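Working notes, beginning with the structure itself.
Throughout, residue positions are numbered sequentially from 1 according to the sequence presented. Basis for what follows: all heavy atoms, side chains included, without hydrogens, waters or symmetry-related copies. Bear in mind that the values here come from a model prediction, so they are computed numbers and not experimental data.
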Amino acid sequence: MVRASTQAESPLIRSLQHGGVDLSVAEFGSGGSPSVLFAHGFGQTRHAWAGAATALAARGMHAVTFDARGHGESGRPAGGEYHMEQFVADLGALAGELQSRDGRPPVLVGASMGGLLGLMLAGTAATPPFAALVLVDITPRWETRGVERILGFMRAHPDGFSSYDAAADAIGAYMPQRERKSEASLRPLLRQGDDGRLRWHWDPALLETVSHETERYQPQLFEAARRIKVPMLLLSGGRSDIVSRDTVKEFMGLVPHATHVDLPDATHMVAGDANDAFSDEVSKFIHQLN
């Protein structure tokens, strides 16, 4: 089901049914192939990519973002069961749909969890699901302390917030480098419950399943990275607490044909902290593929 935009510059919003849930998908621009498929991080939504997707569309590209299952406007499975295999399969279904439409695989831009899903899919699929991969501040090994900080924030407000201002205060304390969130920018990130409280858009059940599965998948991620032959770009944040010099060095040893670019002013939230520089590097990388 496709709902057309009311404004020319707005994305086209549609849904893709897969694995028992509806995935909310947004398409920016109508440029030539390959499409650029963005996969967000754990606890984020497709809106995290709005700035980058808009920038690439303005440069004549076709950018596609989506909410992972249990996030944003996408469905939540009955029983609250989440496994990494489901997320990988969802990504594969969307990549396959774009390949059928374009006649060639999309380029994946994956941040954090989205990058790990892309690594797993690309390293295990019988045929390459992506023309190239851009990993955004993630490698098969990550700094545990940074992950614990993220999960700590996600668990910090189980009862939600009384107002958008209260939510903005919490985000400001967590990401002091960012401008204060407006109510308009917070609306896609929060849901109002029957009690009137505002809670994050993601299913709380995710914290009891997926957040514990990445460690189990780490050996497979190393093997998957070694098998990937398509072009790869690692974009890391110079102020990140998830990716470090050691994890970057290890990754470049696993994938010697990859390119690494450090954005010194960015934290783990690379696209949000340095969207212009981020979009420039992604655009440059994609143009070099042709």
Side-chain angles (χ1 to χ4, degrees), residues 1-3 5-6 10-26 38-51 53 65-84 86-87 89-91 94 111-114 117 146-176 178-214 268-269 271-272:
M1 183 70 145
V2 175
R3 175 168 59 82
S5 319
T6 56
S10 298
L12 181 72
I13 309 299
R14 63 182 179 89
S15 64
L16 172 69
Q17 188 175 58
H18 184 261
V21 301
D22 286 332
L23 302 175
S24 181
V25 181
F38 289 86
H40 64 72
F42 188 59
Q44 292 187 309
T45 70
R46 57 181 169 79
H47 297 280
W49 298 118
T65 68
F66 73 104
D67 290 333
R69 61 174 55 219
H71 295 71
E73 298 174 20
S74 287
R76 302 180 178 189
E81 290 192 12
Y82 294 92
H83 301 286
M84 292 296 290
Q86 297 168 311
F87 290 88
D90 290 343
L91 181 61
L94 187 50
S112 201
M113 179 186 78
L117 298 176
V147 173
E148 290 174 346
R149 180 182 64 85
I150 293 171
L151 295 178
F153 174 76
M154 293 179 70
R155 294 189 174 107
H157 305 280
D159 296 325
F161 305 96
S162 59
S163 66
Y164 287 103
D165 277 343
D169 288 342
I171 293 176
Y174 176 64
M175 295 190 295
R178 296 280 190 88
E179 292 184 3
R180 182 179 177 81
K181 288 279 191 181
S182 65
E183 180 175 329
S185 65
L186 283 171
R187 284 190 178 277
L189 306 180
L190 294 161
R191 293 184 177 189
Q192 189 169 38
D194 294 338
D195 59 0
R197 303 281 292 181
L198 298 167
R199 293 178 175 82
W200 299 122
H201 62 85
W202 39 264
D203 187 347
L206 286 163
L207 289 172
E208 304 307 319
T209 52
V210 175
S211 65
H212 303 300
E213 286 206 326
T214 50
H268 182 56
M269 305 297 191

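- Using a 4.5 Å heavy-atom threshold, the side chains of Leu186 and Leu198 count as separate.
- Under the ring pair (Phe, Tyr, Trp, His ring centres under 6.0 Å) criterion, His268 pairs with no residue at all, not counting sequence neighbours.
- Partners of Asp169 according to the side-chain hydrogen bond (donor to acceptor under 3.5 Å, both in side chains) rule, which considers only residues two or more places apart in sequence or in another chain, are Arg180.
- Between Leu23 atom CG and Arg14 atom CZ the span is 10.0 Å, to the nearest 0.5 Å.
- Considering only residues two or more places apart in sequence or on other chains, Tyr164 meets the ring pair (Phe, Tyr, Trp, His ring centres under 6.0 Å) condition with none of them.
- Listed by chain and residue number, nothing satisfies the salt bridge (charged side-chain N to carboxylate O under 4.0 Å, His left out) test with Asp22 (two or more places apart in sequence, or in another chain).
- A donor-acceptor contact shorter than 3.5 Å links the side chain of His201 to the backbone of Gly43.
- Remark: Arg187 pairs with Glu183 by the salt bridge (charged side-chain N to carboxylate O under 4.0 Å, His left out) rule, at least two apart or across chains.
- No side-chain heavy atom of Gln44 sits less than 4.5 Å from a side-chain heavy atom of Leu189.
- The side-chain contact (heavy atoms from CB on, under 4.5 Å) test applied to Asp195 returns Arg197, Arg199, not counting sequence neighbours.
- Ser74 places a side-chain N or O within 3.5 Å of a backbone atom of Asp67 that can act as its donor or acceptor partner.
- Annotation: side chain of Leu206 is in contact with side chain of His71 (closest heavy-atom distance under 4.5 Å).
- Judged as a side-chain contact (heavy atoms from CB on, under 4.5 Å), and not counting sequence neighbours, the contacts of Ala166 are Phe161, Ser162, Ser163.
- Considering CD of Glu81 and CZ of Arg76, their distance stands at 15.5 Å, rounded to 0.5 Å.
- Counting only heavy atoms from C-beta outward, the side chains of Tyr82 and Pro77 approach each other to under 4.5 Å.
- The distance from the CE atom of Met154 to the CG atom of Leu207 is 5.0 Å, given to the nearest 0.5 Å.
- With sequence neighbours left out, the side-chain contact (heavy atoms from CB on, under 4.5 Å) criterion links Ala26 to Pro11, Ile13, Phe28, Arg46, Thr65.
- Residues passing the salt bridge (charged side-chain N to carboxylate O under 4.0 Å, His left out) test with Arg69, sequence neighbours excluded: Asp90.
- Applying the ring pair (Phe, Tyr, Trp, His ring centres under 6.0 Å) test to Phe38 and every residue at least two apart in sequence or in another chain returns Trp49.
- Leu94 is listed as a side-chain neighbour of Phe66, based on a closest heavy-atom distance under 4.5 Å.
- Annotation: salt bridge (charged side-chain N to carboxylate O under 4.0 Å, His left out) contacts of Arg191 (sequence neighbours excluded): none.
- In this structure Tyr174 satisfies the ring pair (Phe, Tyr, Trp, His ring centres under 6.0 Å) test together with Phe153, sequence neighbours excluded.
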